[in-house]
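Report on the following structure.
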Amino acid sequence: MLEVHLPDGSVKKYESPITPAAVAAEIGPGLAKAAVSAVVDGKTVSMDYPLPEEGSISLRLLTKKDPDAIHVMRHSCAHVMARAVMRLYEGVQLAFGPTVEGGFYYDFDLDHALSDEDFPAIEAEMKRIVKEEEPFERLDEPREKALQICRDLGQKYKIEHIEEGLHDQSRLSFYRQGEFLDLCRGPHVPTASHIGAFKLLSVAGAYWKGDQSRKQLQRLYATAFFDKKELEEHLRRIDEAKKRDHRVLGKQLDLFAINPLVGSGLILWLPKGATIRGLLEDFVKGELERRGYERVYTPNIGRVELYEISGHYPYYADSQFAPIVMEQEERYLLRPMNCPHHVMIYKSAPRSYRELPLRLAEFGTVYRYEKSGEVSGMTRVRGFTQDDAHIFCTVDQVADEFRGCLEMTQFVLKSLGLTNYRVRLGFRDPKSDKYVGSPENWERAQQSLVEVCQSLRIDAQPEPGEAAFYGPKADFVVTDAIGREWQLGTVQLDYNLPSQERFGLEYTGADNHPHQPVMIHRAPLGSLERFVGVLIEHFAGAFPLWLAPEQVRVLTVSEKSEEYGRQIEGRLRDAGLRVKGDYRGEKINAKIREAQVGLIPYMFVVGEKDMAGQTVAVRDRIDGDLGPMSFDQAVAKLRQEIADRTVRQTFQGAAGLGERGSNHEY
RNA sequence: GCCGCUGUAGCUCAGUUGGCAGAGCGCGUCCUUGGUAAGGACGAGGUCAUGGGUUCAAGUCCCAUCAGCGGCUCCA
């Protein structure tokens with residue numbers, strides 16, 4: 001006998017085999033019609049999923065109002081898309097078709113090269129399929145039978161997946177809809193009638209099982225919603241987010257430029273972008289001073305031998321600019337990392353434990369030859385500046401230093417209103433042998449990382465296999481306007497460089513014997529390029545007053561007040577504000593609009609009335625006209641906002657189809 | 001690096017079956033002198049990414065290269 005516990009607390013008892021659909025039907029015809037799937041003991045299943053015959057279960061029926069239901073429907077829509085593609089093209093091999101954040105995709109192997117010109121035909125075929133309202137039927141088969149089905153279907157990727165990824169499964173499920181039959185864990189909606197509005201978004205290449213050495217498949221990205229309005233709203237949000245793209249705003253607001261003649265992935269900081277970067281650098285420099293760092297400067301180039309010792313060459317040779325070869329086998333590398341130079345500063349003198357921790361900081365520019373398909377705006381570039389520092393300390397000091405680094409990173413991000421990040425703890429993969437350093441050291445370091453995060457109330461997720469080969473790390477990861485994740489700040493422990501095999505670092509301990517220090521690499525912003533790129537999107541180009549390249553614009557009502565306007569502009573500049581004046585023969589409305597569109601935080605409107613009263617009419621970019629104030633009053637207001645580094649507006653929410661929330665593996 | 005798409009004025013884009021290179025914004029000059037999101041007139045601005053090919057004729061068709069975009073893979 002089966003006891004079914006429903007969310008309202010009622011209990012139903014069944015003697016014979018039963019499905020969620022039958023339970024729904026018993027509750028009422030309305031629910032039976034509206035239910036798209038069910039949750040049994042926390043697991044989402046289809047309406048025809050056979051419930052156990054014995055015991056006690058909890059059952060929740062999902063309708064389209066339930067937030068969990070949309071993933072089920074999207075996955076069913078993926079099947080419909082695959083079915084449409086198979087109808088339209090010959091020899092389609094199916095791979096994986098999971099849901100992702102904001103939609104779903106399906107990977108195909110077929111001869112015809114899909115392009116967005118094919119989308120209307122595919123969508124039309126999908127509409128025909130949906131209109132038929134055919135059911136999705138679940139088939140549960142023993143392993144051998146399942147293999148035979150896939151062989152009969154001629155679906156080689158499905159066969160391979162059963163033999164490899166699913167080698168330990170004794171039974172496998174399929175879903176059938178009309179002529180379409182696919183190996184699939186499910187769940188699905190009962191019939192296609194539950195599929196609402198959908199749209200194909202893009203086509204892309206994707207390697208089978210994510211492996212570059214395997215065949216490249218064609219991936220169709222799409223999304224679906226229960227109703228058309230929701231779909232349109234979603235597409236509108238994607239459009240909005242795309243307007244926040246730092247590549248779009250960077251051009252619009254004259255922040256940075258990239259020129260093919262200079263080189264792909266090499267950023268030209270225009271005056272306005274450079275102002276923002278400079279202010280961030282000053283901000284970080286102030287923090288470094290407070291936290292006991294010492295500034296150093298080192299060259300952007302070094303002998304290849306330096307990087308042979310560090311292990312960066314030739315290990316990463318394929319992502320480095322090739323060495324510069326001089327006479328007599330003198331070879332130099334554009335530096336891909338700052339650490340070897342800082343190590344040499346450590347080694348420039350014998351060190352005592354009394355000097356530790358030694359914290360050496362530099363805004364160090366590094367060069368990496370990223371693969372051609374990888375470069376992207378400011379977020380993935382070939383030359384970038386890290387707000388880098390290396391801490392040399394004793395093993396006992398590691399936890400405190402780690403804490404200091406994480407605190408500083410948190411403080412810096414918080415100061416900018418950047419709270420929408422996750423912290424990823426990169427730990428070693430116990431199954432791999434690529435790591436240097438003893439397992440005990442790793443264990444201890446990883447443990448102390450977890451403890452430090454807990455004590456700082458940082459919600460950090462350990463991810464095995466994400467460590468660098470030389471030590472564990474904590475990465476601050478943010479999502480951009482498109483939905484892609486980027487690593488910003490990072491704190492990394494290094495057992496490699498100080499070791500005897502590398503630079504053989506030492507300090508004299510209290511026992512008068514030599515000891516090996518531990519190194520920590522850390523960069524709270526990560527790369528200035530990437531960080532500013534992310535900041536542009538975070539603020540949608542509307543930087544807080546303290547970072548705004550132009551903080552105030554003086555607007556004259558007519559040319560009669562130009563002299564007074566220039567006087568105000570001069571006084572603002574003397575007061576240390578970044579100011580420009582607009583004295584053109586345009587109407588005040590036009591000048592306001594331009595400043596508004598240019599995202600200038602404050603406008604000082606001055607006309608004859610102001611001249612007479614020795615005032616300025618302050619207009620706030622966000623709140624609008626604040627009315628006339630005395631010059632001193634207005635400046636005091638702005639200075640306060642700058643001193644507080646007030647963040648008044650941020651923007652977030654991604655447009656794209658990130659991997660988060662991915663499920664339904666096949 | 002791989003798959004697909006794209007490249008026309010400073011920017012955003014249009015350009016038909018191959019037949020004289022276009023618009024809006026911006027920019028310049030002049031008129032207008034105005035109080036919180038676009039005043040008007042005139043004008044300048046192009047090796048249609050680059051190199052080859054097909055053709056009487058190429059922005060348009062084909063090939064290569066470079067660059068950008070969407071993904072995949074990689075990321076010290």
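Letters A, B, ... mirror the listed sequences (proteins, then strands); counts begin at 1.
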Taking atom types as they are modelled, would you say the side chain of A:Arg219 forms a donor-acceptor pair with the base of B:C3 within the 3.5 Å cutoff? no
Give a yes or no on whether a donor-acceptor pair under 3.5 Å exists between the nucleobase atoms of B:U36, that is its base, and the side chain of A:Gln596. no
Contacts to RNA chain B from residues 310-324 of chain A, heavy-atom cutoff under 4.0 Å, which residues? A:His312, A:Tyr316, A:Ser319, A:Gln320
Contact list please: residues 582-593 of chain A against RNA chain B, heavy atoms, distance less than 4.0 Å, in numerical order. A:Gly585, A:Glu586, A:Lys587, A:Ile588, A:Asn589, A:Ala590, A:Ile592, A:Arg593
What are the atom names and distances for every N/O pair under 3.5 Å that joins the protein to nucleotides 7-10 of chain B?
none

When all nucleic acid strands are considered with a 4.0 Å heavy-atom cut-off, which category describes A:Ala206: base, sugar-phosphate, or nothing? sugar-phosphate
With a 4.0 Å cut-off on heavy atoms, is A:Arg368 in touch with a base, just the backbone sugar-phosphate, or nothing at all? base
Is the distance from OP1 or OP2 of B:G68 to the nearest side-chain N or O of A:Arg247 less than 4.0 Å? no
For B:G70, does either OP1 or OP2 sit under 4.0 Å from a side-chain N or O belonging to A:Arg484? yes
When you measure from the side chain of A:Asp245 to the backbone of A:Arg247, do you find a donor-acceptor pair of N or O atoms at a distance under 3.5 Å? yes
Secondary-structure stems for RNA chain B, with pairs counted as Watson-Crick or G-U when both distances are under 3.5 Å and runs at least 3 long: B:1-7 with B:66-72, B:10-13 with B:22-25, B:27-31 with B:39-43, B:49-53 with B:61-65
Hey, what are the protein-to-nucleotides 61-64 of chain B N/O distances that come in under 3.5 Å?
none

Would you list the pairs meeting salt bridge (charged side-chain N to carboxylate O under 4.0 Å, His left out) in which at least one residue belongs to residues 306-323 of chain A, sequence neighbours left out? A:Glu308-A:Arg331
Rounding to an integer number of angstrom, what distance separates B:U36 and B:G4 when you compare their C1' atoms? 49 Å
